[in-house]
Amino acid sequence: MGLHRLAWAAGLIGLPLSHYWLAAQVEPFYSSIYCFLWWSYIFAADFAVCRLRGTSLLRDRPKEFLFLMVWSVPVWMLFEAVNLRIQNWYYVMAPWTLSLGLVYLILAFGTVLPGIFETMELVVGLIERLAPGGRIAGRPFTMSLWNVRIQFGIGVLMLILLLAFPENCFCLAWGFAFFLTEPICYWRRRTENSQVGRSLLGQLASGDNTRLIALLVAGLISGGLWEAWNITARTKWIYSVPFFDELKLGEMPVLGFLGFPPFALECYALVNFLSLLRGGRNWELSASENQERRGLPAWGVAASAVLVPMAMLVCLLGAAGKTVASVTLPVDYCFRRELGEAGVNALRRRNATDGNRFLRLKERPPEIDAALYARLRQLVTLSECKGIGIRNALALEALKITRLDELARENPADLTRRLRDLGRRVRLEEVKIWIREANRTK
């Protein structure tokens, strides 16, 4: 039995099972449900692609699938680096140890490129089945070197404005990478007979709009799945976007969904750019076509093995300092002294050391003092509200805020100032989200 068949079976079984784990909050899956849902979807989508097109990444190009998985992490970390400047999203209830955090990062961010491109191939397969001629035709056009330079200049300008004026130009994050890399891909590969796996601009210039439409649709589908699965997840991301933070669908401001289609174009362009460094090898080409290309030279492999992890580590440390708002600290770890050995063992026997499982206890363990148990219930309830986290909940307790109804009555600016006086690293947008959620659930 081929590995691709095992992956397909895991995807087809795991997709409904992961939804059950999400709805029932079954641990340890619930706190890392993003990985289970997305890998199940990717494997199931690959199976559907194979049925539609007779070929797929997992079955016919497993090395390219592995390439997309590995490079998905540094590609996404590019946008995490941008977010250090624009501060449009942050993560809550992240894994609380470095080792678990690294594993989760690789598994979670490793899904970005495979998820988008498997979805794109699904849409391409449907177009090949349903559209006249198996493609979406457009009007051919010619691009000069001057056109290429203008588009590259647009990308440079977008990046400059994005970094210089993050509060007003944050939306340029979803487009700058396309204009910076795609013109280079087009000009370097403009003489190739086929532009598939080389340049999206080249495909458009030749009158083939198939992958443009497929990417835009795939971006919207992937974005919808990201946000739908993020709504009730415990470990999740929350948006704090200027001007649009009030009207949300799930955690995403409604207009924010418009960013997913151009993000898919950026991912496609970035991977095409990487293909230039790989001597033309690309995930859309067949295994035999890739075999004919030289691939990344040995010095490039060595440099990538050293420089890419270093760059990822820098971005990770920056993200941990600025965009990770809370971690899943266990109750027995935070309150070991108050609980004592008997209390800690009582929670461990009941498998109730995580905050969400602690709140599902039906009755107080006799080993835990009644007053302490009542205090822990209040603190953990606060900590689980919009991923506030136990450390922030303890800071709120120091400010005499121990219940959601008390939090709901707070003024965001005043509460932010008082929390900062206590040494907590919180932003006004984050505190506004806490108070809004407390008003909703009190």
Side-chain angles (χ1 to χ4, degrees), residues 22-23 25 30-31 33-34 83-84 86-94 166-168 170-171 173 223-224 226-260 319 322-329 355-356 358-359 377-442:
L22 176 62
Q25 299 185 7
Y30 175 52
S31 291
I33 197 64
Y34 182 93
N83 189 52
L84 293 177
I86 63 177
Q87 289 288 282
N88 274 185
W89 65 87
Y90 61 91
Y91 300 95
V92 297
M93 296 300 182
E167 289 190 3
N168 298 309
F170 58 87
C171 59
W226 276 321
E227 300 309 322
W229 291 335
N230 187 56
I231 292 174
T232 56
R234 187 174 185 233
T235 300
K236 63 193 298 182
W237 59 89
I238 297 176
Y239 295 95
S240 54
V241 182
F243 316 121
F244 304 107
D245 211 32
E246 298 293 333
L247 184 59
K248 287 187 173 183
L249 187 58
E251 299 295 348
M252 168 64 87
V254 173
L255 291 178
F257 284 91
L258 298 178
F260 288 118
K322 280 199 170 185
T323 60
V324 175
S326 63
V327 296
T328 55
L329 285 171
N356 59 321
F358 176 81
L359 292 177
R377 296 282 298 186
Q378 288 182 330
L379 283 171
V380 174
T381 299
L382 272 178
S383 75
E384 293 292 322
C385 174
K386 222 56 171 178
I388 288 176
I390 287 181
R391 285 173 177 161
N392 286 325
L394 286 168
L396 291 172
E397 182 189 46
L399 298 176
K400 310 301 181 185
I401 301 169
T402 59
R403 301 195 311 269
L404 290 177
D405 61 323
E406 294 171 344
L407 177 60
R409 292 193 295 268
E410 289 292 321
N411 175 272
D414 180 60
L415 181 56
T416 302
R417 177 185 57 77
R418 288 189 289 154
L419 285 168
R420 288 175 178 172
D421 289 343
L422 291 176
R424 297 308 302 157
R425 179 185 51 82
V426 296
R427 294 186 296 131
L428 175 60
E429 294 81 6
E430 187 179 346
V431 175
K432 284 181 178 179
I433 291 171
W434 295 354
I435 294 174
R436 191 180 306 132
E437 183 67 11
N439 275 288
R440 191 181 69 84
T441 59
K442 64 180 180 180

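Every heavy atom of this structure was used, including side-chain atoms; hydrogens, water molecules and symmetry mates were not.
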Compare every heavy atom of [Y] with every heavy atom of [X], then report the nearest pair and how far apart it is.
X      : Y      : result
Ala233 : Ile33  : CB-CG2, 3.9 Å
Val254 : Leu249 : CG2-N, 4.1 Å
Met93  : Ser383 : CE-O, 3.2 Å
Gly250 : Ile231 : CA-CG1, 3.7 Å
Thr232 : Tyr30  : O-OH, 3.0 Å
Glu384 : Asn356 : OE2-N, 3.6 Å

More than 12 heavy atoms of other residues, nucleotides or ligands under 6.0 Å from CZ of Arg391: yes or no?
no

Please report the interatomic distance [atom1]([X]) to [atom2]([Y]), rounded to the nearest 0.5 Å.
X      : Y      : atom1 : atom2 : answer
Ile401 : Glu410 : CD1   : CD    : 3.5 Å
Ser240 : Glu251 : OG    : CD    : 11.0 Å
Ile238 : Glu429 : CD1   : CD    : 13.0 Å
Arg425 : Glu430 : CZ    : CD    : 7.5 Å
Tyr239 : Asn230 : OH    : CG    : 7.0 Å
Ile433 : Leu428 : CD1   : CG    : 10.0 Å

Test Asp414 against Arg417 for salt bridge (Lys or Arg N to Asp or Glu O under 4.0 Å), laying out the working first.
CA-CA 5 Å; Asp414 180 60; Arg417 177 185 57 77; 2.6 Å; yes

Please examine the side chains of [Y] and [X], heavy atoms only from C-beta on, and report whether any two atoms are closer than 4.5 Å.
X      : Y      : value
Leu415 : Leu396 : yes
Tyr90  : Val324 : no
Leu255 : Val241 : no
Ile390 : Leu379 : no

Let's go through Arg440 and Glu437 carefully: what are the C-alpha distance in whole Å and the side-chain angles of both, what is the deciding distance for salt bridge (Lys or Arg N to Asp or Glu O under 4.0 Å) to 0.1 Å, and is it a yes or a no?
CA-CA 5 Å; Arg440 191 181 69 84; Glu437 183 67 11; 2.6 Å; yes

Test your reading of the model: is there a side-chain donor-acceptor pair from [X] to the backbone of [Y], 3.5 Å cut-off?
X      : Y      : value
Thr402 : Gln378 : no
Arg420 : Val426 : yes
Asn392 : Arg424 : no

Check step by step if side-chain contact (heavy atoms from CB on, under 4.5 Å) holds for Thr235 and Val92.
CA-CA 6 Å; Thr235 300; Val92 297; over 6 Å; no

How are the rings of Trp237 and Tyr34 set relative to one another: parallel (under 30°), tilted (30 to 60°) or perpendicular (over 60°)?
perpendicular

Take Phe358 and Arg377 through the side-chain contact (heavy atoms from CB on, under 4.5 Å) test and state the conclusion after the steps.
CA-CA 8 Å; Phe358 176 81; Arg377 296 282 298 186; 3.8 Å; yes

